[in-house]
Amino acid sequence: MNYEELLEYLDLENSADFQYFEAMADLVECEDYIEPEAIYKLFADADREVVSQIIGDYFEDILDGLPEDAGEIYSLLHQIKMGLMGMIVNAEDEDDMRKFADEVYSFRNWYSEESEVELTPETGDGRLYQNLRDAITTSRIEKLGGERYRYDFENALDYELDGYTMSFAEMIAAEEYEDQEDSIIFDPSEKIQ
């Protein structure tokens with residue numbers, strides 16, 4: 001799918017119209033091949049703050065869909081969310097935007113195609129293997145009264161965060177640590193003057 005086809009698929013006139021949750025969901029969950037250049041062009045003229053907010057909302061929706069015992073995959077998805085949000089907000093030039101678009105491209109391929117989750121019905125009858133996108137959909141159906149499964153996300157944890165993403169995640173952790181260090185802590189052993 002090229003840029004023009006992607007705009008049509010997302011029902012957008014141009015990339016500046018990329019401002020809704022549904023567009024992000026449709027982009028990430030699309031089963032058709034999307035050219036990396038089309039993803040770059042999609043975000044090139046979009047409002048970066050709006051895109052960051054949409055990414056945050058989309059990932060929160062993904063995280064809400066996970067089963068309750070999905071600790072490691074939850075952490076990984078949270079890291080990816082923080083990395084993508086940081087990359088788009090801090091993009092200063094075309095090279096930064098291309099790195100962001102490449103990361104979105106990598107994420108959507110992993111999330112909707114390459115990842116593998118093993119689902120075992122609680123009845124014990126056979127196993128299913130689904131990509132992460134479909135496993136989260138199954139988990140949502142389960143929460144609505146559908147068949148119950150045990151989820152093994154071990155094989156879905158194989159996602160490489162690029163250096164910038166990791167640096168941003170570490171930066172956020174450092175900022176949170178600094179905020180804690182700056183807070184006032186009462187020590188009863190200290191004398192009040």
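Values in this document were obtained by computation on a predicted structure and should not be read as measured data.
Of the N and O atoms on the side chains of Tyr151 and Gln130, not one donor lies less than 3.5 Å from an acceptor on the other residue.
The aromatic rings of Phe18 and Phe43 sit perpendicular to each other, their planes meeting at more than 60°, with 30° as the lower class boundary. Using a 30° and 60° split on the angle between ring planes, Phe21 and Tyr58 fall in the tilted class, from 30° to 60°.
Across all non-hydrogen atoms, the minimal contact from Met24 to Ile55 is CE-CG1, 3.8 Å.
How far OH of Tyr111 is from CZ of Arg108: 12.0 Å, rounded to the nearest 0.5 Å. Rounding to the nearest 0.5 angstrom, the gap separating the CG atom in Leu6 from the NZ atom in Lys41 is 11.0 Å. Expressed to the nearest 0.5 Å, how far CD of Glu8 lies from OH of Tyr3 amounts to 13.0 Å.
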Run Ile34 and Leu27 through side chain to side chain contact (heavy atoms under 4.5 Å, CB included) and show every step you take. CA-CA 9 Å; Ile34 301 174; Leu27 171 67; 3.8 Å; yes
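The number of heavy-atom neighbours closer than 6.0 Å to CG of Asp158, taken from other residues, nucleotides and ligands shown, is 12 or below. The 12-atom threshold is exceeded at CD of Glu122, counting heavy atoms of other residues, nucleotides or ligands nearer than 6.0 Å.
Salt bridge status for Arg98 with Asp102: absent, with no side-chain N to carboxylate O gap under 4.0 Å.
Sequence neighbours left out, the pairs with a member in residues 10-36 that pass salt bridge (charged side-chain N to carboxylate O under 4.0 Å, His left out) are Glu31-Arg133.
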